[in-house]
Amino acid sequence: MNKFNTIRDIDVKGKRVLVRVDFNVPLDGEKVTDDTRIRAALPTIEALLKEGASVILMSHLGRPKGKKDPKYSLKPAAARLAELLGREVKMAPDCIGEEVANMAKELKAGDVLLLENVRFYAQETDNDEAFAKELASLGEVYVNDAFGSAHRAHASTTGIAKFLPAAAGLLMERELSELGKLLDNPAEPFVVLLGGAKVSDKIGVMQNLIGKADYILVGGGMAFPFLKVRGLEIGKSLCDGDLEVPKSILAKAEGTKTQILLPIDVVAAAELAENAPNENIDVENIPADKMGLDIGPKTVAKFQDIIAQAKTIFWNGPMGVFEKKPFDLGTRRVAQAVADSQARSVVGGGDSVAALTQAGLAPKITHVSTGGGASLEFVEGRQLPGVVALSK
Ligand code: AMP
């Protein structure tokens with residue numbers, strides 16, 4: 001693991017601290033509909049303010065593609081942050097330029113300023129050096145707390161670290177420590193649960209964890225290419241990507257301690273629609289005109305048994321078409337099993353986290369990651385550019 005400073009190692013008293021946060025929150029017009037990411041940044045912001053810093057926050061929101069678009073303004077995030085902090089949050093009209101530089105200069109200890117969306121400039125995603133330097137000129141210290149963007153080499157996540165003393169925020173530190181424990185001598189049995197639509201997104205994780213995990217339980221649409229490789233007919237089920245990939249994964253696992261378990265039954269329907277007529281079918285009998293939309297009850301029972309014995313769990317991706325009832329059941333039951341287990345559990349990815357949150361189970365998870373893509377890349381064993389940039 002890279003060695004880096006955290007906010008406990010640096011002196012911020014009386015300084016302007018430029019903090020990259022992940023305020024990429026869902027909006028309904030002018031309102032933040034889920035403030036989880038804003039809340040996740042509060043410990044760092046509050047700690048810096050307590051130490052006598054003034055805080056300049058920067059973030060991206062959505063994909064405005066390098067153009068100023070009011071639809072992607074961070075103003076609603078400033079309003080929500082002010083409510084959560086119980087103090088004023090000044091909103092900058094831009095993220096660079098003279099007016100913003102003046103606002104930054106006028107900040108006093110305890111003040112909070114939120115810059116406008118850094119992705120209003122294409123230079124952000126291009127990791128443009130001059131842009132990074134201009135952002136850096138606003139502060140005296142750089143803190144990165146945006147774990148969810150740490151897998152991106154952008155100006156505000158990597159380029160900027162060249163120009164200022166840099167440190168990790170508390171959220172970044174916690175994410176790296178919790179995810180790091182998965183790769184560094186995890187207590188066994190180590191059970192990995194993967195789902196979702198695309199094999200391609202999760203292939204790196206499977207590759208890295210073969211030989212480390214005791215079980216890799218595969219659900220969701222990504223199970224079908226594996227079933228097909230095993231010689232089964234999968235009807236109209238989703239089958240993403242080149243079959244050589246799941247084939248090589250199954251071959252790689254052979255002779256290692258890692259058992260890759262695929263569904264033994266599925267909930268199948270003729271169409272992908274809410275409340276579509278459906279039946280439980282063993283995977284050997286999927287008819288040509290049907291598609292598997294969730295793991296079936298026998299698979300759920302088998303996965304529950306294995307999860308109950310786990311000492312370490314990593315879960316990413318839904319077990320079925322979680323958005324459409326009743327194909328959410330497999331995901332919900334797995335979520336309950338993970339929450340009930342005594343294992344150290346780490347969950348990442350939008351749908352798996354949503355399943356836990358909706359069921360009120362998130363507090364029973366050891367660590368709910370704020371970064372779907374970033375957590376996958378970390379568990380793949382890849383270096384995250386945002387973390388490398390903080391390295392001493
Ligand atoms: P991903 O982004 O790869 O994690 O995939 C998430 C998506 O996978 C969700 O929108 C689910 O609806 C979808 N999904 C899960 N299981 C299936 C399935 N059996 N067939 C089709 N889509 C699925």
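Counting convention: from 1, in listed order, for ligands and their atoms alike. Every value quoted in this text rests on a predicted model; they were computed, and no experiment measured them.
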Worksheet item: Is it true that Phe224 lies under 4.0 Å from ligand 1, counting heavy atoms only?
Response: yes
Worksheet item: Looking just at side-chain N and O atoms, do Thr370 and Glu175 make a donor-acceptor pair shorter than 3.5 Å?
Response: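 A donor-acceptor contact under 3.5 Å links the two side chains.
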Worksheet entry | Polar side chain donor-acceptor pair, Asp340 to Gln336, under 3.5 angstrom | yes
Worksheet item: So, Arg87 and Asp111, do they make that salt bridge, N to O below 4.0 Å?
Response: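 Looking at Asp111 together with Arg87, the answer is no, because their closest N to O distance does not fall below 4.0 Å.
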Worksheet item: Is a salt bridge present between Arg8 and Glu173, judged by a nitrogen-to-oxygen distance below 4.0 Å?
Response: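 Between Glu173 and Arg8 there is a salt bridge, with a charged N closer than 4.0 Å to a carboxylate O.
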Fill in: Nearest protein heavy atom under 4.0 Å from atom 4 (O) of ligand 1, yes or no
yes
Give me the residue, atom name and distance of the protein heavy atom closest to [atom].
{"atom": "atom 15 (C) of ligand 1", "value": "Gly320 O, 3.1 Å"}
{"atom": "atom 9 (C) of ligand 1", "value": "Glu323 OE2, 3.3 Å"}
{"atom": "atom 2 (O) of ligand 1", "value": "Asp201 OD2, 4.6 Å"}
{"atom": "atom 23 (C) of ligand 1", "value": "Val321 CG2, 3.5 Å"}

Worksheet item: Taking the side chain from Lys252 and the backbone from Gln207, do they hold a donor-acceptor pair closer than 3.5 Å?
Response: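 Such a contact is found between Lys252 side chain and Gln207 backbone.
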Worksheet item: Any donor and acceptor pair, going by atom type alone, linking the side chain of Asp265 with main-chain N or O of Thr299 inside 3.5 Å?
Response: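 Present.
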Practice prompt. Tell me which part of Met222 gets within contact of ligand 1: side chain, backbone, both or neither, using heavy atoms under 4.0 Å.
Written response: neither
Discussion item. Just to be sure I read this right, does ligand 1 sit under 4.0 Å from the backbone of Met291, its side chain, both, or neither, counting only heavy atoms?
Written reply: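 Neither; nothing of Met291 gets under 4.0 Å from ligand 1.
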Worksheet item: Which atoms from ligand 1 have a heavy atom of Lys202 less than 4.0 Å away?
Response: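 Within the 4.0 Å cut-off of Lys202, ligand 1 contributes 1 (P), 3 (O), 4 (O).
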Is [X] in polar range of ligand 1, meaning some N or O pair under 3.5 Å apart?
{"X": "Lys198", "result": "yes"}
{"X": "Gly292", "result": "yes"}
{"X": "Pro318", "result": "no"}

Nearest non-hydrogen contact with [atom] belongs to which option: [options]?
{"atom": "atom 16 (N) of ligand 1", "options": "Gly221, Gly196, Ser352", "result": "Gly221"}
{"atom": "atom 6 (C) of ligand 1", "options": "Asp294, Asp351, Leu376", "result": "Asp351"}
{"atom": "atom 13 (C) of ligand 1", "options": "Gly349, Ala197, Gly219", "result": "Ala197"}

Item to complete: Please report the closest heavy-atom contact between Ala166 and Leu390, naming both atoms and the distance.
Response: CB-CD2, 3.8 Å
Worksheet item: Looking only at heavy atoms, which two atoms of Leu85 and Val89 are closest? And how far apart?
Response: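 The answer is CD1-CG2, 4.2 Å.
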Worksheet item: Among Leu107, Val19, Val17, which one satisfies side-chain contact (heavy atoms from CB on, under 4.5 Å) with Ile56?
Response: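 So, applying the side-chain contact (heavy atoms from CB on, under 4.5 Å) to Ile56 and each of Leu107, Val19, Val17, only Leu107 qualifies.
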Worksheet item: Between Phe131 and Tyr121, does the ring centroid distance fall short of 6.0 Å?
Response: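 Ring-ring flag for Phe131/Tyr121: true, centres closer than 6.0 Å.
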